[in-house]
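Take a look at the structure below.
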Amino acid sequence: VYFVWVVQNLDQYSWFSHELTEAYDASQKKASKTGSKCPRLEVMVYVTRDEKATESDGFIKGRPNIPKLFADVVTEFPNKAAQVFVCGPG
């Protein structure tokens with residue numbers, strides 16, 4: 001599961017960061033107990049307008065390259081079905 005979240009600033013990140021951290025931690029614990037039976041959770045948080053957000057804190061500055069992200073997923077998981085869910089302004 002790839003979770004790509006684009007926010008303008010760290011205040012917006014704080015709205016959902018606790019839940020996101022819990023989901024990530026739970027997926028890591030379950031994966032370590034079950035081996036490869038649990039889907040891996042990859043979290044990518046892009047920050048578009050906040051200079052305080054740094055890559056060393058786990059943030060990616062700018063916007064995601066969605067075509068490249070899809071191409072990377074297809075390369076890593078050939079012949080697998082994919083679903084995309086999008087939420088946000090148009």
Side-chain angles (χ1 to χ4, degrees):
V1 175
Y2 288 84
F3 186 92
V4 179
W5 189 17
V6 182
V7 296
Q8 292 179 355
N9 55 54
L10 295 179
D11 288 336
Q12 291 176 346
Y13 173 74
S14 71
W15 298 343
F16 190 64
S17 62
H18 179 73
E19 291 83 356
L20 187 57
T21 300
E22 283 185 358
Y24 179 79
D25 290 346
S27 75
Q28 297 302 307
K29 287 178 187 173
K30 193 167 194 175
S32 67
K33 289 180 182 176
T34 62
S36 62
K37 294 180 183 177
C38 182
R40 181 179 77 216
L41 178 60
E42 297 284 335
V43 177
M44 293 167 264
V45 179
Y46 289 81
V47 182
T48 61
R49 296 184 182 176
D50 195 331
E51 295 303 316
K52 294 179 283 186
T54 65
E55 290 188 18
S56 64
D57 291 328
F59 300 105
I60 305 166
K61 290 187 176 193
R63 299 185 184 279
N65 181 341
I66 297 297
K68 182 180 180 325
L69 176 62
F70 286 146
D72 291 347
V73 170
V74 168
T75 299
E76 187 172 351
F77 302 101
N79 303 315
K80 299 286 183 180
Q83 295 181 349
V84 177
F85 298 93
V86 178
C87 177

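Sequence positions, counted from 1, serve as the residue numbers for this chain.
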From Met44 atom CE to Phe3 atom CZ, the distance as rounded to the nearest 0.5 Å: 10.5 Å
Can you hop from Tyr24 to Val47 via hydrophobic side chains spaced under 4.5 Å? yes
According to a hydrophobic-cluster definition based on side-chain heavy atoms being under 4.5 Å apart (Ile, Leu, Val, Met, Phe, Trp, Tyr only), do Val43 and Val6 belong together? no
Show every ring pair (Phe, Tyr, Trp, His ring centres under 6.0 Å) that has at least one partner inside residues 65-86, sequence neighbours left out. none
Would you mind writing out the side-chain donor-acceptor pairs for residues 58-66 within the sub-3.5 Å range, not counting sequence neighbours?
from, atom 1, to, atom 2, distance (Å)
Lys61, NZ, Ala53, O, 3.4
Asn65, OD1, Lys68, N, 3.2

Between Leu41 and Ser27, the two heavy atoms sitting closest are CB-OG, 3.4 Å
Not counting sequence neighbours, which residues clear side chain to side chain contact (heavy atoms under 4.5 Å, CB included) with Ser17? List them please. Tyr13
How would you list, by chain and number, every residue that makes a side chain to side chain donor-acceptor pair (under 3.5 Å) with [X], sequence neighbours excluded?
{"X": "Asp50", "result": "none"}
{"X": "Ser56", "result": "Thr54"}
{"X": "Thr21", "result": "none"}

Those residues at least two apart in sequence (or on a different chain) that pass ring pair (Phe, Tyr, Trp, His ring centres under 6.0 Å) with Phe16 are Trp5
Are [X] and [Y] side-chain neighbours, meaning at least one heavy-atom pair lies under 4.5 Å?
{"X": "Arg49", "Y": "Asn9", "answer": "no"}
{"X": "Thr48", "Y": "Val7", "answer": "no"}
{"X": "Val45", "Y": "Val4", "answer": "no"}

Residue pairs passing the salt bridge (charged side-chain N to carboxylate O under 4.0 Å, His left out) test with at least one member in residues 7-24, sequence neighbours excluded, are none
Applied to residues 75-87, the salt bridge (charged side-chain N to carboxylate O under 4.0 Å, His left out) test, sequence neighbours excluded, yields Arg40-Glu76
